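Notes follow once the structure below has been shown.
In what follows, chains carry the letters A, B, and so on, assigned in the order in which the sequence lines appear, proteins first and then strands, with residues in each chain numbered from 1. What you see is a predicted model, and the numbers here were worked out from it, not measured in a lab.
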Amino acid sequence: MKKKPTPLFVRNVIPWYLREGRDLPWRATRDPYAIWLSEIILQQTRVQQGLGYFLKFLETFPNVSSLAHASEDQVFRLWQGLGYYSRAKNLHKAAKIICDQWNGEFPKTFDELKSLPGVGDYTAAAIASFAFEFPKASIDGNVLRWTSRFLGSHAPIDDPKTKKTIQLLLDDWIQDASAHSFNQASMELGAIICTPKDPQCHHCPLSEECVAFQNSLTNELPIKAKKTKVKHQLVTALFIQDNQGNWAVSKRQDNEIWGGLYALPLLFTDDTSVDIALENLLQQFDLNAKDIVIKHTWTTSHLLTHRKLQVHIFSILLEDMPRNTYKFEKWIGVEAMKNLGFPKVFSDFYKHKGLL
DNA sequence: CAGACGTGGTG
DNA sequence: TCACCAAGTCT
């Protein structure tokens, strides 16, 4: 009977991580709530950007119960500026589920964790391993990158089949280690050494067996099949104030961009002119272009991952008309605004107007 | 399952 | 300026 050799990753990378890994607040705890919170915040988000939000959330909501009892608006407000707002929605939803259906106690297995909204393969493995030493490899962008290079694999990392292959391999390797250390080390390697550009191969604890390094392929790998292309869109919005300075806003729906946040009444268009868009927008609210006064137009451009938005905001004065004539969802002023979440493009606008 | 979903940093 | 990317999930 031959004994299976310990993988190089376990022999070299985990000691490297324990020696040189960054001190991050969620690494010092085994509290599943804090770990879950950090993992949701860090989805598609850099540590630098997420860190402040993590501390803010933990201070405001120190445990799952306090989060579950908060209002949704409060959660969105705290999430404001972080992006991917469905995460905030699901965070709040999951907190309620944990309180109501799990008696406030976190589920401990991969499958149970994955049943929570906002918790997919990666996050379920992360929470299970970090909080409970459950032996499941967490596969994120970092892990796909270093494994692709280490194995010299040309399989596209944005293909779900590739992810499954890596999952099987690392689920095997993780058996020989602390699941917590294994997964932290795995992601840290991708974040610090095996970076997308200019990887630090001469400091890499895997270089002796890395196919990409041995064959000078680190610039070619990993391969991505999908190409990103930017779509140009026009955003036309109304800043409608009444004679007391309050303005109309509405809550964005879950299935659209900025879902859960508040925004000015607006219209997305692809190929229309600003004039036509404005006309259509006014019509939506039974406003006649002849009856209104446009005081000012604010224009900016806003870059998203797959979209470039040209934004036009028309400041409109309603003269002597009772505002409840109009079917806007909500009217707010400077004070009420402080408790609601707004997309970046509108907080930029509010700053410009001196309202923020 | 391809496409949608944000914001900020980098070369 | 701009493509690419960051501790992914949902539909």
Side-chain angles (χ1 to χ4, degrees), chain A residues 17 21-22 24-27 35-54 76 79-91 93-94 113-127 129-130 137-146 156-161 163-164 167 180 182-192 194-199 219 222-233 235 252-261 263 268 301-309 341-348:
Chain A
Y17 160 72
R22 293 166 293 178
L24 299 172
W26 44 84
R27 286 181 173 163
I35 289 167
W36 165 62
L37 180 62
S38 74
E39 291 306 332
I40 302 298
I41 287 175
L42 290 169
Q43 286 169 6
Q44 295 289 280
T45 302
R46 289 166 198 277
V47 165
Q48 186 78 21
Q49 195 192 359
L51 190 53
Y53 285 84
F54 174 74
F76 278 119
W79 200 274
Q80 171 177 279
L82 195 53
Y84 284 141
Y85 297 97
S86 65
R87 290 183 293 171
K89 173 96 182 173
N90 287 330
L91 188 78
K93 218 172 169 184
L113 286 161
K114 217 192 130 175
S115 75
L116 296 170
V119 177
D121 284 335
Y122 161 77
T123 306
I127 302 170
S129 62
F130 298 154
S138 48
I139 314 293
D140 72 342
N142 288 313
V143 180
L144 288 168
R145 184 170 56 254
W146 75 252
I157 58 167
D158 51 356
D159 182 342
K161 286 198 290 278
K163 208 180 107 177
K164 275 180 199 164
Q167 183 83 62
H180 183 286
F182 184 98
N183 280 336
Q184 289 289 1
S186 175
M187 288 189 283
E188 190 76 345
L189 184 71
I192 300 301
C194 199
T195 49
K197 286 180 185 167
D198 195 23
N219 288 334
I223 307 254
K224 276 200 179 178
K226 297 177 198 156
K227 295 293 170 203
T228 60
K229 51 179 172 220
V230 176
K231 185 174 160 191
H232 290 252
Q233 286 190 312
V235 177
R252 305 279 302 161
Q253 295 305 301
D254 293 343
N255 60 347
E256 52 190 10
I257 191 170
W258 305 315
L261 300 190
F268 279 88
S301 84
H302 193 68
L303 194 61
L304 282 65
T305 302
H306 298 285
R307 298 199 243 187
K308 186 164 186 181
L309 307 180
F342 291 91
K344 168 95 164 51
V345 62
F346 295 117
S347 52
D348 285 350

Inset, instruction - Sugar-phosphate atoms are those with a prime plus P, OP1 and OP2; base atoms are the rest. Using that split, label each nucleotide of nucleotides 4-11 of chain B B, S or - for protein heavy atoms under 4.0 Å, 5' to 3'. - result: -BBBBB--
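Residues A:His302 and A:Val235 are not in side-chain contact: their nearest non-hydrogen atoms beyond the backbone lie 4.5 Å or more apart. Within the 4.5 Å cutoff, the side chain of A:Leu91 has heavy atoms near those of the A:Leu37 side chain. Taking 4.5 Å as the limit, every side-chain heavy atom of A:Lys231 sits out of range of all side-chain heavy atoms of A:His306. A heavy-atom distance below 4.5 Å is not found between the side chains of A:Tyr122 and A:Lys163. Between A:Ile139 and A:Asp121, the closest side-chain pair of non-hydrogen atoms is not below 4.5 Å.
Between chain A and DNA chain C, the heavy-atom contact criterion of under 4.0 Å yields a 5' to 3' nucleotide range of C:dC2 to C:dC10.
Between the side chains of A:Gln43 and A:Arg87, no donor N or O sits under 3.5 Å from an acceptor N or O.
Residue A:Ser138 is out of contact with every strand shown, counting any heavy-atom pair closer than 4.0 Å. Across all strands, A:Leu24 comes closer than 4.0 Å to base atoms (heavy-atom distances). At the heavy-atom level, A:Trp26 lies under 4.0 Å from base atoms of the strands shown. When heavy atoms are screened at a 4.0 angstrom cut-off, A:Arg252 is found touching no nucleic acid atom at all. Residue contacts shown for A:Asp198 are absent, as no nucleic acid heavy atom lies under 4.0 Å away. Contacts of A:Val119 with the nucleic acid, taken as non-hydrogen atoms under 4.0 Å apart, involve only primed sugar atoms and P, OP1 or OP2.
The same atom, P, is picked in B:dG9 and in B:dC5; the two are 23 Å apart, to the nearest Å. Taking atom P on both nucleotides, B:dT10 is separated from C:dA7 by 13 Å, rounded to a whole Å.
With DNA chain C read from its 5' end, the first of the two nearest nucleotides for A:Met187 and A:Pro117 is the one closest to A:Met187.
Under the rule for a ring pair (Phe, Tyr, Trp, His ring centres under 6.0 Å), A:Tyr17 has no partner lying at least two apart in sequence or in another chain.
Distance check: A:Leu261 CG to A:Lys344 NZ gives 13.5 Å after rounding to the nearest 0.5 Å.
The aromatic rings of A:Phe268 and A:Trp258 are tilted relative to each other, their planes meeting at an angle between 30° and 60°.
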